[in-house]
Each structure stands twice: as C-alpha cells, then as structure tokens.
2 protein chains.
Amino acid sequence: MFSIRGGFGLSFRTTVGKIRGLGYRATPQRLAVIEALASGRHQSVDEIQARCPGVGIVTIYRTLDLLCGSGLARRLDLGDGKPRYELAEDHHHHLICQSCGAISEFEDCPLEERLPREASDFEVSFHRLEVYGLCGGCRG
Amino acid sequence: MFSIRGGFGLSFRTTVGKIRGLGYRATPQRLAVIEALASGRHQSVDEIQARCPGVGIVTIYRTLDLLCGSGLARRLDLGDGKPRYELAEDHHHHLICQSCGAISEFEDCPLEERLPREASDFEVSFHRLEVYGLCGGCRG
DNA sequence: ATACGTGCAAAGTTTTTGCATCCCA
DNA sequence: TGGGATGCAAAAACTTTGCACGTAT
C-alpha cells in the first residue's frame with residue numbers, strides 16, 4: 001500500500017532519524033508525509049495530502065502537528081491564507097509576488113548572525129523571513 | 001453607536017487617509033477596525049472584534065481583506081495557528097517564545113538594504129521577519 | 001500484552017457567500 | 001438615487017476530537 005521508493009534527500013533521512021530519536025514510531029504514514037515534505041517546499045495541506053495517497057487527512061494533520069511540535073517542520077503563512085509546511089532543516093527564505101502569487105526561494109540568508117541587539121535577553125533558535133514584491137514577469 | 005474618540009496615532013490617520021485615497025468609503029465600521037489595529041499589534045480576529053463592539057464579524061473579515069488587499073495591513077502567522085493582523089505602516093519584527101508563546105517586537109530591522117542579490121529580478125516591496133526562541137523568563 | 005498510531009465519523013471553528021436592507025457621496 | 005457597505009443566516013472549508021480497531025515492540 002505504501003510503496004517507499006529509494007533515493008531520498010538528506011532532509012528526509014535526517015528527519016526520519018530524528019523522529020525515531022524522539023521516541024516516535026516511523027510508520028508508513030509518517031514516512032509518506034515526511035517524503036511529501038521533502039519533495040517540495042511550502043506545500044499546503046492539500047498538496048501534501050495529494051502526495052500521500054491512502055493516508056487519511058486526520059493522520060496528515062496529526063503528523064504535521066507532531067513534526068512542527070518537535071521542531072522538525074514549520075508552518076508558514078505566505079499571504080494567501082493557507083498554512084504551508086516545510087521541513088525545518090532546509091533553511092531558506094521566500095520571495096512572494098504580490099501580483100501573481102508565485103513563490104520562489106533564496107538560500108543565502110541575509111541575517112546570519114545579524115540578529116537584533118534588543119534580543120539579547122532572548123535566546124534565538126531560528127528565524128523566518130519572507131520578502132514580498134513583484135517578480136520579473138509581473139514587473140513587465 | 002460608534003463613538004470615535006480622539007487622539008489616534010499616526011498609523012490610524014494615514015491609514016484612513018489612504019483608504020479614502022483608494023476610493024473606498026471610510027465608514028464607522030472600517031474606522032473601528034482600523035482603530036483597533038492601530039491600538040495594538042499582532043491581534044487575532046477575536047481581539048480585533050472585541051475592540052469593535054457593534055461591528056459584525058463578517059464586516060471585520062471583509063475590512064481586513066480590504067486592508068490587506070490594499071497593502072494597508074498585513075496578516076501574520078506567529079506560530080499558534082491563528083492569523084494575526086497589523087497595520088502595514090508600522091514596520092517592526094517579532095520575537096516569539098517557543099515555550100510560553102509570548103510575542104515581543106523589535107524595531108531596528110537587521111535587513112534594511114541587505115536584501116538578497118538573487119532578488120535582483122524581483123522588485124522588493126516589503127518583508128517580514130520573525131525570530132523564534134526562548135524569552136528571558138523561559139530561559140530561567 | 002501494551003502502548004502507540006490510524007481512520008472514520010462527528011463536532012467544533014473559522015471564513016466565505018447570498019441576499020435584503022441601509023446609507024453615504 | 002445609485003452603488004457601495006453592512007448584517008444576518010446559511011454554506012463551505014478547515015481542523016480537532018472521540019472512539020474502536022490495528023499494529024509494532
């Protein structure tokens with residue numbers, strides 16, 4: 001029922017490893033959700049479900065909660081109202097076109113160790129950055 | 001019914017002005033929503049509604065859509081699943097404690113003109129940054 | 001055996017839509 | 001007065017919960 005093919009990326013393997021390390025079972029349904037997340041960025045619940053045939057929507061929600069609660073995945077709001085999910089390991093940020101809604105990514109984080117001084121009383125774990133504007137196509 | 005008191009901040013006035021400039025009517029309900037937004041940051045729909053007695057929830061949703069669609073307000077996801085709204089003019093970023101959920105802000109944006117080179121084909125309009133970690137109280 | 005996980009169905013929330021009424025430019 | 005705006009009720013969409021059955025250790 002759940003054919004698990006080979007050739008996953010790093011994110012998939014490390015995420016599965018961490019799930020086990022945390023004491024959770026790596027069930028076929030969970031593997032399917034993680035594989036779905038590993039195979040594309042910023043996916044909505046719909047898109048994740050479409051990549052997990054045979055897995056109930058309730059299990060998908062519970063797995064996403066589990067992953068987000070463990071810090072292995074994160075939920076994003078990219079402006080269209082739908083929550084989107086990504087594996088946490090994959091650090092990058094988003095460019096969102098306000099005209100056509102296209103989402104692209106960029107890898108080189110402009111923050112690095114540049115986080116605010118005011119945050120001195122705050123132990124930074126991770127951050128999230130989204131840049132909005134107009135993509136090449138929409139600028140015309 | 002809608003008592004509009006004086007003494008608003010800049011955000012309130014400029015937002016109302018822009019609403020009019022865009023050709024929309026500045027109705028009492030819209031003013032109430034804008035006033036609510038101007039009086040606190042990152043508020044949920046519930047909180048906004050509580051500050052707008054007498055305004056129907058449908059109107060609140062429609063006004064938030066109008067404001068976000070016009071770029072006068074923005075929706076945020078600060079990790080707790082509830083959408084939150086803020087006036088766009090007020091540029092700042094958030095620190096979110098992963099333990100207690102407390103949200104604080106910081107004003108000095110570490111990005112400024114530091115936005116990515118890859119974005120050269122992208123006309124930046126604004127950005128959003130959220131920093132997650134542990135607040136002073138939760139670090140112990 | 002036992003505790004964890006899944007799925008169905010139902011309940012709960014949140015958000016959107018249809019439509020009649022209201023009201024300001 | 002005429003089109004924009006509001007509000008109610010209903011519908012739709014989204015998410016969570018209860019519970020019985022499965023399934024790995």
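Quick note on labels: first sequence line is chain A, next is B, and so on, each numbered from 1.
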Within a strict 4.5 Å, meaning less than it, do heavy atoms of the B:His94 and B:Glu86 side chains meet?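 Yes. Closest side-chain heavy atoms under 4.5 Å.
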Using a 4.5 Å cut-off on heavy atoms from C-beta on, say whether the side chain of B:Leu67 contacts that of B:Thr15.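 Yes, close enough: below the 4.5 Å cut-off.
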Looking at the side chain of [X], which of [options] is the nearest nucleotide?
X: B:Asp65; options: D:dT23, D:dT16, C:dT16; result: C:dT16
X: B:Thr59; options: C:dT17, D:dT16, D:dT6; result: D:dT6
X: B:Val58; options: D:dA9, D:dG4, C:dC4; result: D:dA9

What is the distance from [atom1] of [X] to [atom2] of [N], rounded to the nearest Å?
X: A:Leu66; N: D:dT16; atom1: CG; atom2: C1'; result: 16 Å
X: B:Ile34; N: D:dA5; atom1: CD1; atom2: P; result: 12 Å
X: B:Lys82; N: D:dC14; atom1: NZ; atom2: C1'; result: 16 Å
X: A:Gln29; N: C:dC4; atom1: CD; atom2: P; result: 17 Å
X: B:Arg20; N: D:dG4; atom1: CZ; atom2: P; result: 18 Å
X: A:Ile57; N: C:dA10; atom1: CD1; atom2: P; result: 18 Å
X: A:Leu22; N: C:dG5; atom1: CG; atom2: P; result: 11 Å
X: A:Leu64; N: C:dG5; atom1: CG; atom2: C1'; result: 15 Å

Any [X] side-chain N or O less than 4.0 Å from OP1/OP2 of [N]:
X: B:Thr27; N: D:dA5; answer: no
X: A:Arg30; N: C:dT6; answer: yes
X: A:Tyr61; N: D:dT16; answer: no

Result for salt bridge (charged side-chain N to carboxylate O under 4.0 Å, His left out) between A:Arg41 and one of A:Glu47, A:Glu107, A:Glu89 points to A:Glu107
Partner of B:Asp77 by salt bridge (charged side-chain N to carboxylate O under 4.0 Å, His left out), out of A:Arg75, A:Arg84, A:Arg74: A:Arg75
Are A:His92 and A:His42, when compared by the centres of their aromatic rings, separated by less than 6.0 Å?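 No, the ring of A:His92 stays outside the 6.0 Å limit from the ring of A:His42, centre to centre.
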B:Pro83 or A:Thr63, whichever maps to the more 5' nucleotide of DNA chain C: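 The residue whose closest nucleotide sits nearer the 5' end is A:Thr63.
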Side-chain-base donor-acceptor pair under 3.5 Å for B:Arg62 and D:dG4: no
